[in-house]
Amino acid sequence: MTLKEKVGQMVQADLSWSENVKQLLREGRIGSLLTIQDVRSINEHQHIAVEESRLGIPILVGNDIIHGYRSIFPIPLALASSWDVDLVEAVAHASISEAIAAGTTWNFAPMVDITRDPRWGRIAESAGEDPLLNSKIGAAWVRGYQGYRSETGRQAAACVKHYAAYGAVESGKDYNTTDMSERRLREEYLPPYKAAIDAGVKTIMTSFNDLNGLPATINPLLLKQILRKEWGFEGVIISDYDSIGELIFHGVARDHKEAALRSILAGVDIDMMGNAYHYHLADLVRDGQVPEALLDEAVLRILRLKYDLDLFDHPYAEESRISSSLMRPETLNLAAEAAAKSIILLKNDPRLLPLHLEGKTIALIGPFADERQSLLGCWSFDGKAGDVETLHEAIERNLPPRASLRVCSGCSFDGDAADLASAVAVARQADVVLLAVGETDRMSGEAHSRAHLGLPGRQQELVDAVVATGKPVIAAVFTGRPLAILKLAQEVPSILLAWHGGTRAAQGLCDVLLGRVNPSAKLNVSFPRSEGQIPVYYAHKSTGRPAESSGVIQFNEADKSVYLDESNDPLFAFGFGLSYTNFTYSDLRVLTPVVEKDGFLRVSATLTNAGNFTGTEIVQLYVRDLVGTVTRPVKELKDFQKMTLAPGESCSVEFDLPAGELAFLNVDLNPVLEAGEFKVWIGPDSTRGLEGHFAVR
């Protein structure tokens with residue numbers, strides 16, 4: 001390969017990048033393209049690369065298939081609240097099957113960023129606040145994406161992102177700086193990336209943010225020390241969109257040439273839309289500033305990826321298959337199942353749900369009543385609003401005999417239009433009211449951070465007015481992030497967190513409302529009572545003056561780590577979620593009260609379905625190390641199991657946790673398992689459960 005051809009493999013561009021993309025492909029100077037959804041265009045450019053370039057090397061085609069291609073599934077934050085790794089893997093499998101049929105061979109997903117700040121719009125793409133749950137969900141995405149092979153032998157590579165600590169940007173502002181200790185980075189933020197690599201992910205994307213003063217794209221600790229040396233990652237490293245060029249704005253490179261120099265020396269294989277490698281990398285090699293051996297290593301990784309995806313034998317998508325591959329009935333059924341399994345029952349007092357509507361009138365009120373686009377969520381580029389059934393349409397179609405429906409939006413999302421009087425009139429004519437409120441798809445996602453997390457526009461006024469009618473009210477909250485909805489939670493008796501549920505969101509909600517699906521999802525991220533609490537998360541440290549009880553501090557109390565004007569507690573805690581049935585926990589047994597360092601913690605409890613519905617419970621195992629050489633969290637999720645029980649049925653739930661899972665980083669940042677006393681809980685969420693003790697020796 002010539003030097004320019006080597007550089008070409010390290011350049012990724014879209015069709016707007018240059019007027020001469022086709023010619024550059026002929027010259028072997030572009031190795032991959034992105035954001036092309038048209039299969040004919042993809043094949044056209046692939047034919048040029050394969051048949052008209054000197055070496056005939058096929059191109060990779062990358063896209064952001066975050067939660068579906070044409071068939072859109074719940075946003076990742078929603079899907080992760082199912083705590084169902086098999087469901088996530090099935091969704092990934094179905095999503096990538098559509099994308100591959102349309103020509104995609106590289107998917108820029110999953111995102112595994114830990115985030116504890118709901119102001120950050122990209123929380124919608126994450127699996128929430130916990131390292132263990134993020135790790136399991138991230139690995140499932142990777143398996144689902146990369147485990148699929150089409151009938152014609154085509155595959156796609158997954159790309160775990162954003163490496164690293166992007167979810168901890170200051171103030172929840174997208175693209176902002178991140179500053180944290182290496183301890184916190186390694187213990188809390190890096191485990192999901194490692195889990196994705198262990199699951200076999202083929203590529204990894206650097207993040208936009210700087211980390212402790214050094215942008216991730218040129219961070220040797222992240223790229224060389226941890227990723228390559230410690231974890232042994234042999235796949236391709238790609239920059240995020242123009243993140244190499246953005247080194248200039250970070251103030252760590254004078255121009256694109258210096259940005260290219262720092263990035264290649266740090267180990268970035270591919271420059272996505274950065275205008276750096278294409279224009280300057282060959283000159284840097286000729287000038288002796290960059291050893292050509294670095295390019296050889298990078299190009300070898302890129303070519304190996306193309307061989308692994310069988311692109312040399314199957315470079316072209318079959319255009320005749322595209323129409324039969326999208327929106328298949330089984331895919332849409334999976335989308336409805338995923339939407340229902342992602343819905344969280346936050347409140348049901350009195351037990352309004354499930355609804356029994358025979359002979360009754362239901363009022364559907366709120367700006368989501370006839371909304372289509374926002375149900376898709378923030379990363380649905382290839383989804384079509386016309387494919388989406390509205391809540392109005394779905395409820396009308398699902399109504400039982402002799403039931404009737406009345407509909408009124410009441411207000412818009414932005415507050416410009418409101419007719420509260422009509423909404424009140426409609427509510428008074430009904431036996432039960434469903435309030436469909438929340439934020440639109442354009443209010444979360446990349447570059448959509450929010451400082452105020454209440455219901456947008458005049459929606460809270462709408463809630464107040466409808467509740468004042470005295471009618472039974474159920475709120476369905478559609479959102480891409482946790483919202484600060486304290487007042488709604490105080491006044492509305494039943495609340496369903498519906499998220500942005502995708503193409504079949506409305507059907508999934510109907511299945512839950514009418515009791516066809518008993519909700520089982522649980523929060524994977526804490527909901528704040530107010531923005532001033534952020535970040536609020538369960539695995540915090542005790543501090544030297546812990547808050548021993550919840551509630552607002554009184555001025556005459558002794559000094560503690562609490563607020564003067566707000567509770568420390570979240571509105572809804574990590575792991576929380578109700579069911580139409582009632583699960584009880586009893587008979588905790590610590591089967592290994594003394595755990596050897598090479599042994600297992602074995603602990604069990606009895607779970608009973610004490611209600612009247614068959615239901616699924618997510619049983620959670622938490623541990624606390626009471627005394628360590630460094631401070632430890634008050635609780636850490638260590639495992640979970642999903643159990644389905646019929647009414648009156650009981651079962652024993654046993655956890656076998658390797659003692660090594662109790663290790664942490666000592667003062668020298670080396671893994672260590674220390675002898676000592678521990679607490680253990682088995683329960684329904686991070687705030688409740690049966691408590692026991694054990695020791696490690």
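This structure is a prediction, so every number in the text was calculated from the model and none was measured.
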Assess the side chains of [X] and [Y]: does a donor N or O sit below 3.5 Å from an acceptor N or O?
{"X": "Tyr193", "Y": "Asp113", "result": "yes"}
{"X": "Thr203", "Y": "Trp106", "result": "yes"}
{"X": "Asp310", "Y": "Gln155", "result": "no"}
{"X": "Thr479", "Y": "Glu439", "result": "yes"}
{"X": "Ser71", "Y": "Glu98", "result": "yes"}
{"X": "Glu27", "Y": "Gln23", "result": "yes"}

Looking at every non-hydrogen atom in both residues, tell me the closest pair between [X] and [Y] and how far apart they are.
{"X": "Ile344", "Y": "Ser81", "result": "CD1-CB, 3.8 Å"}
{"X": "Leu223", "Y": "Arg228", "result": "O-CG, 3.2 Å"}
{"X": "Ala164", "Y": "Ser207", "result": "N-OG, 3.1 Å"}
{"X": "Cys378", "Y": "Ala124", "result": "SG-CB, 3.7 Å"}
{"X": "Leu309", "Y": "Ala157", "result": "CD2-N, 3.7 Å"}
{"X": "Tyr163", "Y": "Leu222", "result": "OH-O, 2.7 Å"}

Would you check if the side chain of [X] reaches a backbone N or O of [Y] as a donor-acceptor pair within less than 3.5 Å?
{"X": "Glu318", "Y": "Thr152", "value": "no"}
{"X": "Arg154", "Y": "His314", "value": "yes"}
{"X": "Arg481", "Y": "Pro118", "value": "yes"}
{"X": "Trp499", "Y": "Ser342", "value": "yes"}
{"X": "His250", "Y": "Phe208", "value": "yes"}
{"X": "Lys194", "Y": "Trp231", "value": "no"}
{"X": "Asn107", "Y": "Ile65", "value": "yes"}

Parallel, tilted or perpendicular for His162 and Tyr166, by the 30°/60° rule?
-> perpendicular
Report the relative orientation of the aromatic rings in Trp17 and His278; use parallel for angles under 30°, tilted for 30 to 60°, perpendicular for over 60°.
-> perpendicular
Kindly indicate whether the side chain of [X], heavy atoms from C-beta on, has any atom under 4.5 Å from the side chain of [Y].
{"X": "Met10", "Y": "Ile302", "result": "yes"}
{"X": "Glu337", "Y": "Leu87", "result": "yes"}
{"X": "Ser243", "Y": "Met272", "result": "no"}
{"X": "Glu446", "Y": "Ile66", "result": "no"}
{"X": "Val268", "Y": "Tyr277", "result": "yes"}
{"X": "Cys159", "Y": "Ile238", "result": "yes"}

Decide, yes or no, whether a salt bridge links Lys161 with Asp64 under the criterion of side-chain N to carboxylate O below 4.0 Å.
-> yes
May I ask you to decide whether Asp117 forms a salt bridge with Arg119, counting only side-chain N to carboxylate O separations under 4.0 Å?
-> yes
Can you name the residues that form a side-chain contact (heavy atoms from CB on, under 4.5 Å) with His45, not counting sequence neighbours?
-> Leu15, Val21, Lys22, Leu25, Leu33, Ser41, Ile59
May I have all residue pairs that pass salt bridge (Lys or Arg N to Asp or Glu O under 4.0 Å) and include part of residues 129-145, sequence neighbours excluded?
-> Glu89-Arg143
